[in-house]
Structure formats: C-alpha cells, structure tokens
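Only one structure is covered here, and it is reproduced in the block below.
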2 protein chains.
Amino acid sequence: MKTPYRILLIENDTAVAQAIRLALREIAELDILTDPAELHASPSFHSYDAALLDMNFQPDQRDGRAGLETIDRLRAADPSLAIVMLTVFGGVAIAVEAFKRGASDFLLKPWRNDRLVDALRAAAALTKRQRASAAMSLEEMERHAIERALARADGNISHAAAALGLTRPALYRRIEKHGL
Amino acid sequence: MKTPYRILLIENDTAVAQAIRLALREIAELDILTDPAELHASPSFHSYDAALLDMNFQPDQRDGRAGLETIDRLRAADPSLAIVMLTVFGGVAIAVEAFKRGASDFLLKPWRNDRLVDALRAAAALTKRQRASAAMSLEEMERHAIERALARADGNISHAAAALGLTRPALYRRIEKHGL
DNA sequence: GAACAGCTGTCCGATGCCGGACACCGTGAT
DNA sequence: ATCACGGTGTCCGGCATCGGACAGCTGTTC
C-alpha cells in the first residue's frame with residue numbers, strides 16, 4: 001500500500017465519522033473535526049491531501065448555509081485543498097452552490113464506499129496538481145506558458161512570440177534554453 | 001445599454017429557443033444551434049462571451065449523455081468559454097457530472113428570466129477573466145506570480161524569492177521593475 | 001552584552017540576454 | 001518570371017540582469 005492520504009474530515013455526527021474512518025481505513029488517515037468553528041485552530045492545512053465536508057445541516061436551517069460557509073473558510077485558508085462535499089439533503093440548488101464556491105465533488109448519503117474512495121483519490125490528485133502549479137518557479141511557469149503559447153499558435157513561432165510579448169529571437173532563445 | 005453579449009445557444013426545441021431569445025433580448029444576441037453535431041462547423045468560438053447549453057435529453061437516454069458530451073466538445077474547442085447548463089431533468093448526479101466536466105453554472109427549467117440573465121452575466125464575466133489570464137504576456141504573468149508569492153510569504157522577500165526560484169537581489173530588481 | 005541568526009537593502013564586475021538586421025525559403029498574385 | 005509576403009533560423013554589439021559580497025538592523029540565546 002502506498003503512503004495513505006491525509007484527509008481532514010468535518011463531521012459532527014461521531015457515528016458517521018467512525019463509519020467513514022472504517023470505509024477509508026485502507027487508503028487514508030483522517031483528522032476529524034466535529035465543529036467547523038475549530039477550523040482556524042488547525043494551522044497546517046498544507047499537510048492534508050483533501051477535505052471531506054459534511055453539509056452539517058443545523059436544526060434551524062435546511063439551506064445548507066453552514067456547509068457552504070465552511071467551504072468558504074476552508075478555501076480562504078488553503079485554496080489548493082480540494083473539498084469533497086457529503087450530504088443527506090441532495091437538492092440540486094445546494095450542489096450547484098457548493099461547486100460555485102469551489103467544492104470539487106459532491107456525494108450523497110448514504111454513500112457507496114467504493115465511490116467515496118474514488119472521489120477522495122480524485123480529490124487528492126487535484127490537490128496535488130493545484131499545489132504543484134501554485135509552487136512553480138518562474139522558470140517552470142515560463143516554460144509552461146511557452147509550451148501553451150506554441151500549442152495555441154500550432155507551431156507558428158512568430159505568433160507565439162507576439163502572444164507572449166516577446167520578440168521572435170527572444171522566443172528562440174527561450175525555447176532553446178528550456179529544451180523544447 | 002452596454003454592447004450586448006454574444007451567446008451561443010444550443011437548444012433543439014425552437015420554441016424554447018425563441019423564449020430564451022426573448023428573455024435575453026435586452027442583454028444578448030444569440031446564435032442558435034439546434035444540433036450539437038454542427039459544432040465543429042462553427043469556427044469562431046472566440047467571439048462568444050458564453051455558451052448556454054440545453055441538456056437535450058434524447059428519447060432513448062435519460063442520463064444526459066448527449067449534453068455532457070457537448071460540454072466536452074465545447075471545452076475542447078475553447079476551454080476559456082464559460083458554459084451554462086439548462087435542463088428539465090434536475091438530478092443531482094447530472095449536475096455534479098456537468099460541473100466536473102467544466103460547466104460553470106446549472107439552471108433548471110422552467111427558468112426565471114432574471115436568474116437566467118444573472119447567470120449569463122456571470123458566465124460572460126468568467127469567460128472574460130479566463131481569456132485575460134490565457135492571453136497574458138510573460139511580463140504580466142511574472143508580475144502576477146510575484147504578487148502571489150509575496151502575498152503567500154506575507155512580505156518576507158527572502159522566502160518569496162526562494163519560492164520563485166530567484167536569488168534575492170533578482171527579486172528586488174523585478175519588484176522594482178514592475179512597480180510593486 | 002556578545003554572539004548569533006535571519007532578515008533587509010545596495011553595490012559592482014562578469015555574464016548573458018536583448019532586438020534590429022540579414023539571408024533564406026516557399027507560396028500566391030501580378 | 002518576378003515581386004511581395006510571411007514565415008524561418010542566425011549573428012553581433014550594447015546594455016540589462018546576474019548573484020556574490022558587504023553593511024546594517026532586530027530579535028533571541030546563553
């Protein structure tokens with residue numbers, strides 16, 4: 001088994017949390033938060049590979065406000081962390097709103113364990129990609145930008161150079177430098 | 001009135017298409033495609049500000065496959081074009097899948113005109129942002145990257161420089177050059 | 001309070017990029 | 001046949017960027 005994912009679970013029902021822990025025992029170790037209010041106290045978001053977030057409907061509000069706000073707070077703390085939502089109340093409106101706020105997946109309770117595992121694998125991969133592109137050096141960024149520009153101009157060096165704001169010789173030099 | 005949005009509507013029911021045209025007459029001019037198969041024939045996606053895509057359930061399949069595939073094809077043709085989905089059959093699973101494939105919004109029929117207008121405004125704004133960041137010159141990219149790195153290191157120049165793969169004096173010079 | 005660690009800001013000679021210019025090549029219009 | 005055009009690849013003198021080094025400032029440690 002590969003090194004397990006580190007996943008932040010936010011779930012106020014401890015029975016459900018234990019069931020999830022069991023379902024994921026093969027692939028992940030969880031940190032469980034029973035109250036989203038404790039979020040700011042947990043400083044090291046960068047060590048998580050994904051977040052699994054229960055909608056946590058409060059007794060007095062069925063619109064999912066609590067869950068949606070938690071998405072906002074998680075993303076403010078670490079925009080590169082992929083968030084998987086988990087909810088009993090599966091209104092389309094809430095799913096749509098969750099995605100618009102930056103959730104990366106949306107599952108319904110009761111869940112199928114294999115789907116949950118797949119979703120978290122995908123979320124972890126997404127987090128990894130986002131971290132990688134956020135931590136790119138200028139050199140790597142430049143390389144990517146040049147590759148994209150060349151692709152978009154399908155090989156036309158002059159156009160690519162213009163799009164990048166370079167003179168043509170400058171683009172030649174950089175292509176050479178990056179080994180493209 | 002500002003210059004209207006140019007919107008690509010894909011809708012096989014011409015009556016619905018006319019109703020949408022009417023609803024949007026104040027803010028947008030539409031090109032209507034009744035069959036997604038004609039997509040490749042329409043070369044100038046860059047002139048659209050958003051796409052509005054009916055799920056177009058075929059009589060023999062209720063899973064929305066046709067609509068989802070159309071998302072893929074639109075995004076392959078122009079990844080920066082924001083796509084608003086419109087559907088009668090509002091299963092959560094389909095909404096989730098649409099977002100995962102890159103749709104930017106998801107509305108249910110029957111629609112409220114004001115919501116439709118809002119959604120398309122937002123989609124057009126998103127398209128604009130994506131186009132802008134796709135067309136950035138290397139200079140602008142560098143500037144953005146430096147701003148982000150400085151923010152993430154909250155002001156610590158040495159750390160920001162290391163994250164960007166620069167020496168500290170080099171970062172000083174670039175900060176100076178970009179006027180930050 | 002002295003030594004240290006971790007910053008910031010600045011200097012300067014060597015290096016390496018800059019872009020205008022040039023030669024060349026295929027294609028399409030006159 | 002020739003010209004104009006839009007593209008490619010390359011050269012070279014000038015100038016901008018490079019990074020190592022230095023001085024200074026602010027805490028923290030012993």
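Each chain gets a letter, A, B and so on, in the order the sequences are listed, and its residues count up from 1.
In summary, the side chains of Tyr48(B) and Asp31(B) do present a donor paired with an acceptor at a separation below 3.5 Å, with no hydrogens or angles considered.
Between the side chain of Arg168(A) and the base of dG7(D), no donor-acceptor pair under 3.5 Å is found.
In terms of phosphate contacts, His159(A) brings no side-chain nitrogen or oxygen within less than 4.0 Å of OP1 or OP2 of dG6(D). The side chain of Ser158(B) contributes an N or O atom lying less than 4.0 Å from OP1 or OP2 of dT8(C).
Panel note: side chain Arg21(B), backbone Leu30(B); a donor-acceptor pair is recorded below 3.5 Å. Asp54(B) places no side-chain N or O within 3.5 Å of a backbone atom of Ile10(B) that could act as its donor or acceptor partner. Formation of a donor-acceptor pair under 3.5 Å by the Glu142(A) side chain with backbone atoms of Glu139(A) is not found in this model. Between the Thr127(A) side chain and the Ala82(A) main chain, a donor and an acceptor come within less than 3.5 Å of each other.
Between Glu176(A) atom CD and dT8(D) atom C1' there is a gap of 15 Å when expressed in whole angstrom units. Across the protein-nucleic acid pair, Asn156(B) atom CG and dT26(D) atom P stand 17 Å apart, rounded to whole Å. In this structure, CD1 of Ile157(B) is placed 16 Å from C1' of dG19(D), rounded to the nearest angstrom. Between the C1' atom of dC24(C) and the OH atom of Tyr172(A) lies a distance of 12 Å, rounded to the nearest Å. Here dC18(C) presents its P atom at 13 Å from CD1 of Ile175(A), a figure rounded to the nearest Å. Look at CD on Glu139(A): it is 10 Å from P on dG19(D), rounded to the nearest Å.
Using cut-offs of 30° and 60° for the angle between ring planes, the Phe106(A) and Phe99(A) rings count as tilted.
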Atom pairs under 3.5 Å, N or O on each side, protein against nucleotides 11-18 of chain D: can you list them with distances?
from, atom 1, to, atom 2, distance (Å)
dC18(D), OP1, Arg174(B), NH1, 2.6
dC18(D), OP2, Arg173(B), NE, 3.0
dC18(D), OP2, Arg173(B), NH2, 3.1
dC18(D), O5', Arg173(B), NH2, 3.4

